[in-house]
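In what follows, a single structure is set out as structure tokens and then discussed.
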Amino acid sequence: MDTKNLEKKMETISPFELKNQLIDMADESLKKTARTMLNAGRGNPNWIATTPRETFFLLGQFGLEECRRVMNLPEGIAGIPQKEGIASRFEAFLKKNNAAHGAKLLEQTYNYLLMQHAADPDSLVHEWAEAVIGDQYPVPDRILHFTEILVQDYLSQEMCDNRPPRGTFDLFATEGGTAAMCYLFDSLQENFLLDKGDGIALMVPAFTPYIEIPQLSRYQFNMIELHADRMTDDGFHLWQYNDKDIDRLKDPAIKALFVTNPSNPPSYALSPETMARIVDIVKNDNPNLMVITDDVYGTFSPHFRSFMAELPHNTLCVYSFSKYFGATGWRDAVIALHEDNIYDKQ
Ligand SMILES: Cc1ncc(COP(=O)(O)O)c(C=O)c1O
């Protein structure tokens with residue numbers, strides 16, 4: 001196939017398919033290195049965080065003890081956790097296992113929720129025991145009560161540099177950040193906030209599915225791309241945006257802005273100047289601009305401030321536990337939406 005035809009064919013396939021084809025085309029001896037290099041866009045850490053897992057598995061042992069306490073059949077069947085007296089049994093469990101891996105974080109988290117959030121001990125431990133055992137459909141199904149409180153504080157620290165805006169963020173637990181984005185596109189459309197043909201802006205480079213989703217037949221948004229194409233004088237990429245491109249967001253025909261911050265693959269957070277410029281545009285020119293931000297790499301950037309911190313009323317923030325915890329297989333993420341937001345108002 002000549003180069004022109006090959007280029008045309010490549011344009012019709014998805015970035016993930018392209019990556020596979022490039023690996024197939026690589027010389028056998030180069031395949032291993034090619035795979036390492038070409039798979040980089042998927043963003044799978046090659047390490048894991050041990051402490052949260054040790055804590056989680058220790059909590060799992062407690063959950064099982066609680067079930068066996070109620071019923072313990074030799075066939076491998078047990079009862080379900082009971083609320084009454086569960087906190088004092090949990091404290092005894094912590095005492096008995098205080099040298100176990102993960103015990104310290106488990107105890108600290110328990111004390112944190114009791115002291116900082118006046119959690120009722122039995123309600124808290126019962127929620128944890130049922131959650132880790134998984135014997136009930138989760139209620140509330142949006143996110144469990146104490147999980148929401150903990151993750152709200154975590155996001156204040158990691159997404160808002162410990163300076164969260166006033167008010168609270170409602171959280172929605174999802175099966176990873178990718179699912180979160182799918183839910184958001186669907187939900188915005190089902191609620192008549194985005195319609196076929198509406199103008200949206202996508203800041204690129206972005207996680208590749210965001211380039212493709214808006215083109216699906218059920219969306220067909222009118223997408224403009226804002227490119228991070230600023231360069232140094234000697235020709236190096238800065239992976240930042242030109243003001244004239246950012247100013248296109250002043251047009252109210254642009255209803256939504258999709259951003260990956262820090263970006264993937266370059267891994268650069270938006271500069272404070274660009275962030276300030278967008279904040280200014282929303283305040284003065286396009287107050288109903290919906291900002292959908294994927295901040296899954298925010299935890300790697302010291303003193304990171306997400307759009308959820310800077311423009312809380314306009315922002316839907318997606319945060320995933322996949323990256324910082326090396327937990328892509330667990331499919332754990334949240335969408336954060338401020339209680340006072342332009343979405344409800346519209
Ligand atoms: C920017 C970005 N968002 C989301 C994801 C996917 O996250 P999750 O595993 O939570 O679906 C990736 C994975 O590479 C990513 O790079």
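We're numbering straight along the sequence, starting at 1. Order of appearance sets the numbers: ligands from 1, and atoms from 1 within every ligand. Here the structure is a predicted model, which is why all the values come from computation and not from measurement.
In summary, the atoms of ligand 1 found under 4.0 Å from a heavy atom of Tyr210, numbered by their order in the structure, are 3 (N), 4 (C). For ligand 1, the atoms sitting less than 4.0 Å from at least one non-hydrogen atom of Gly177 are 8 (P), 10 (O), 11 (O), numbered in the order shown with element in parentheses. Here is the list of ligand 1 atoms found below 4.0 Å of a heavy atom in Thr260: 1 (C). Ligand 1 places these atoms under 4.0 Å from at least one heavy atom of Arg331: 8 (P), 9 (O), 11 (O). Ligand-side atoms of ligand 1 in range of Gly176: 10 (O), 11 (O), range being under 4.0 angstrom from any heavy atom. Listed by atom number, the atoms of ligand 1 under 4.0 Å from Ser320 heavy atoms are 8 (P), 10 (O).
Exactly one residue among Asp285, Asp245, Asp243 makes a salt bridge (Lys or Arg N to Asp or Glu O under 4.0 Å) with Arg277. That residue is Asp243. Of the residues listed (Leu188, Leu193, Asp198), the one engaging Lys255 in a side chain to side chain contact (heavy atoms under 4.5 Å, CB included) is Asp198, and it is the only one.
For Ser322, every heavy-atom contact with ligand 1 shorter than 4.0 Å involves the side chain, none the backbone. Within the 4.0 Å heavy-atom criterion, neither part of Met181 lies near ligand 1. For Tyr319, no heavy-atom contact with ligand 1 is shorter than 4.0 Å. Residue Thr178 touches ligand 1 through backbone and side chain together, judged by heavy-atom distances below 4.0 Å. Of the heavy atoms in Tyr297, only side-chain atoms (C-beta onward) come closer than 4.0 Å to ligand 1.
Using modelled atom types and a 3.5 Å distance limit, the side chains of Tyr319 and Tyr154 yield a donor-acceptor pair. Side-chain contact check for Glu158 and Tyr324: no donor-acceptor pair (N or O, by modelled atom type) lies under 3.5 Å. A donor atom on one side chain and an acceptor atom on the other are found under 3.5 Å apart for Glu175 and Tyr183. For the residue pair His303 and Asp161, a side-chain donor N or O sits within less than 3.5 Å of a side-chain acceptor on the partner.
In summary, Glu148 and Arg142 engage in a salt bridge, as defined by a charged side-chain N under 4.0 Å from a carboxylate O.
Heavy atoms of other residues, nucleotides or ligands lying less than 6.0 angstrom from CE of Met115 number 12 at most.
Heavy-atom separations between Lys323 and ligand 1 include at least one value shorter than 4.0 Å. Assignment of Val296 to the shell around ligand 1 is supported, since a heavy atom sits closer than 4.0 Å.
For Thr293 (side chain) and Asp295 (main-chain N/O), no donor-acceptor pair under 3.5 Å exists by modelled atom type.
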